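First the proteins, then the strands, lettered A, B, ... as listed; each starts at 1. Just so it is clear, the model here is predicted, and its values are computed rather than measured.
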2 protein chains.
Amino acid sequence: MPRRCHRYGQGNGGPCSCEMGNLYRFAEPVMLLAIAGRGEVHGYQIAQEAEGMAVTHAGLDSGVIYRTLRRLEAAGRVVSRWDTSRPGPARRVYVLTESGMQHLREWAQVLEAVTASLQALTHNCQKAAQSRRSAATRPALPVGVSTSRNRMGAG
Amino acid sequence: MPRRCHRYGQGNGGPCSCEMGNLYRFAEPVMLLAIAGRGEVHGYQIAQEAEGMAVTHAGLDSGVIYRTLRRLEAAGRVVSRWDTSRPGPARRVYVLTESGMQHLREWAQVLEAVTASLQALTHNCQKAAQSRRSAATRPALPVGVSTSRNRMGAG
DNA sequence: CCGACTATTTGCAAGTTACACCTAGCATTA
DNA sequence: TAATGCTAGGTGTAACTTGCAAATAGTCGG
């Protein structure tokens, strides 16, 4: 799904979350937070800030941003108006509704739980990765245990 | 995407991560960890343990588990053999390869980074949710305001 | 034989993502 | 004037994951 990002192939110390695939971008809370923080934003603004706020290294795709904004508006979480008061193309400016504020509070609770679980998972992965690494001068696991019955198309 | 889970509508204090949608299950690291921890597992075993290890409350769907196992095998992260030594239907038993061990180490690094980012996001969401909650007897945001010209030079 | 449990696999609808591409306003430069 | 580049919003599509349901099988108890 994610095929590259600004970090791709740059050797920034450790594998990139984008190369691992399978990570959501948490676009909704990131964007709700951006709107709540500024009171009023347009999509392009979010796209420029999102790189720093995003959970993974890929930032948020502009397509995702604009579609998420429309989805949030359809759900009543934000309302928008067109701002033509400044030069340049018109901007669609968004503000949170009370429902959107409530949604952000819900996200805060959910994220707290998810973060805790993820922290535990991370800890366990690190422990497992380390415990085997010490005993890994030889192949960590006897690969090739009579794999005999591997019929089934094998993917 | 996720429509229910065992927690659905049970009022366990706070909204369920499943109701928020948009959360990946981190199936791959959870499963790699399960395999690494036991040395040898089959899919059904993972399905039964996964509820406790999963990052969200939904656990891991058995379809996801079996498909992920095949994908991991196709990528050389695990190898399988059929175990018919015990009564009941044959079980496909998986062990990690050295490449799979390496993948787990990579996941450990990625998860560490993601956890840190997620923690920051969580913290910011909580702060935003709280700071406005105190001032939210009246509608949280006057919709349509032109707030103090958040001019965000942006570049 | 029938159901219950174990165990694996597949089909499908729904949803998200990454990328490419498009429209359009305005400013600078040749 | 034309070309170029930045700002700003939007759409189309392929690839992928997920959740749920259903199919297939082996074994055991009644």
Side-chain angles (χ1 to χ4, degrees), chain A residues 1-6 8 17-28 30-31 41-48 50 54-71 73 80-94 149-155, chain B residues 1-6 8 17-28 30-31 41-48 50 54-71 73 80-94 151-155:
Chain A
M1 172 194 325
R3 279 188 280 276
R4 14 175 184 119
C5 77
H6 68 283
Y8 187 82
S17 56
C18 306
E19 294 172 53
M20 306 299 283
N22 306 6
L23 295 176
Y24 260 45
R25 303 287 176 233
F26 295 90
E28 219 178 89
V30 164
M31 291 172 59
V41 292
H42 58 278
Y44 195 78
Q45 241 174 336
I46 296 181
Q48 300 203 301
V55 172
T56 61
H57 300 108
L60 291 180
D61 179 74
S62 68
V64 169
I65 288 175
Y66 290 117
R67 271 187 269 243
T68 301
L69 284 171
R70 305 301 289 270
R71 181 159 43 80
E73 183 160 35
S80 71
R81 62 179 174 79
W82 284 100
D83 175 11
T84 53
S85 67
R86 275 181 284 189
R91 2 176 114 172
R92 196 191 276 258
V93 177
Y94 291 87
R149 293 198 45 186
N150 264 342
R151 59 200 175 180
M152 258 353 264
Chain B
M1 175 197 321
R3 279 189 279 276
R4 8 174 188 123
C5 77
H6 68 282
Y8 186 81
S17 57
C18 306
E19 294 171 55
M20 305 301 283
N22 307 7
L23 295 175
Y24 259 44
R25 303 287 176 235
F26 295 89
E28 220 177 88
V30 164
M31 291 172 58
V41 292
H42 59 277
Y44 195 78
Q45 236 173 338
I46 296 180
Q48 300 202 300
V55 172
T56 62
H57 300 109
L60 291 181
D61 179 73
S62 68
V64 170
I65 289 174
Y66 288 114
R67 270 186 275 240
T68 302
L69 285 171
R70 304 302 290 271
R71 181 159 42 80
E73 183 162 33
S80 71
R81 61 179 174 81
W82 283 101
D83 175 10
T84 54
S85 68
R86 273 182 284 189
R91 3 176 114 171
R92 198 191 275 259
V93 177
Y94 291 86
R151 71 208 169 248
M152 201 284 105

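- The two atoms that bring B/Tyr66 and B/Tyr44 nearest to each other are OH-N, 3.3 Å, heavy atoms only.
- Listed here is the closest heavy atom pair of B/Val64 and B/Ala27: CG1-CB, 4.0 Å.
- Residue A/Val64 has its side chain nearest to C/dT17 when only C/dT17, D/dT7, D/dT18 are considered.
- Atom CG of A/Leu60 is separated from atom C1' of C/dC19 by 15 Å (rounded to the nearest Å).
- With sequence neighbours excluded, no residue satisfies side-chain hydrogen bond (donor to acceptor under 3.5 Å, both in side chains) with A/Thr84.
- Within the structure, a side-chain polar atom (N or O) of B/Arg71 is placed less than 4.0 Å from OP1 or OP2 of D/dT17.
- Taking the side chain to side chain contact (heavy atoms under 4.5 Å, CB included) definition, one finds that B/Val41 meets it with B/Ile35, B/Arg38, B/Gln45, B/Ile46, sequence neighbours left out.
- B/Met31 and B/Ile65 get closest at one heavy-atom pair: CE-O, 3.3 Å.
- Here D/dT18 presents its P atom at 10 Å from CE of B/Met31, a figure rounded to the nearest Å.
- Here the CD-CG distance, from A/Glu28 to A/Leu60, works out to 11.5 Å after rounding to the nearest 0.5 Å.
- Contacts of A/Ala90 with the nucleic acid, taken as non-hydrogen atoms under 4.0 Å apart, involve only primed sugar atoms and P, OP1 or OP2.
- Between B/Arg86 atom CZ and C/dT8 atom P the separation is 11 Å, expressed in whole Å.
- The interatomic distance linking B/Gln45 (CD) with C/dT6 (C1') rounds to 12 Å, in whole Å.
- The interatomic distance linking A/Asp83 (CG) with C/dG25 (P) rounds to 16 Å, in whole Å.
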Between N or O atoms, less than 3.5 Å apart, protein on one side and nucleotides 10-13 of chain D on the other: list the pairs.
unit_1	atom_1	unit_2	atom_2	d
D/dG10	OP1	A/Arg70	NH1	3.1
D/dG10	OP1	A/Arg92	NE	2.9
D/dG10	OP1	A/Arg92	NH2	2.8
D/dG12	N7	A/Arg67	NH1	3.4
D/dG12	O6	A/Arg67	NH2	2.3

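- A/Arg92 is linked by a salt bridge (charged side-chain N to carboxylate O under 4.0 Å, His left out) to A/Glu73, counting only residues two or more places apart in sequence or in another chain.
- We find that CD1 of B/Ile65 is positioned 15 Å from P of C/dT6, with the value rounded to whole Å.
- The phosphate of D/dG9 has neither OP1 nor OP2 within less than 4.0 Å of any side-chain N or O from A/Tyr44.
- Rounded to whole Å, the distance from NE2 on A/His42 to C1' on D/dC6 is 13 Å.
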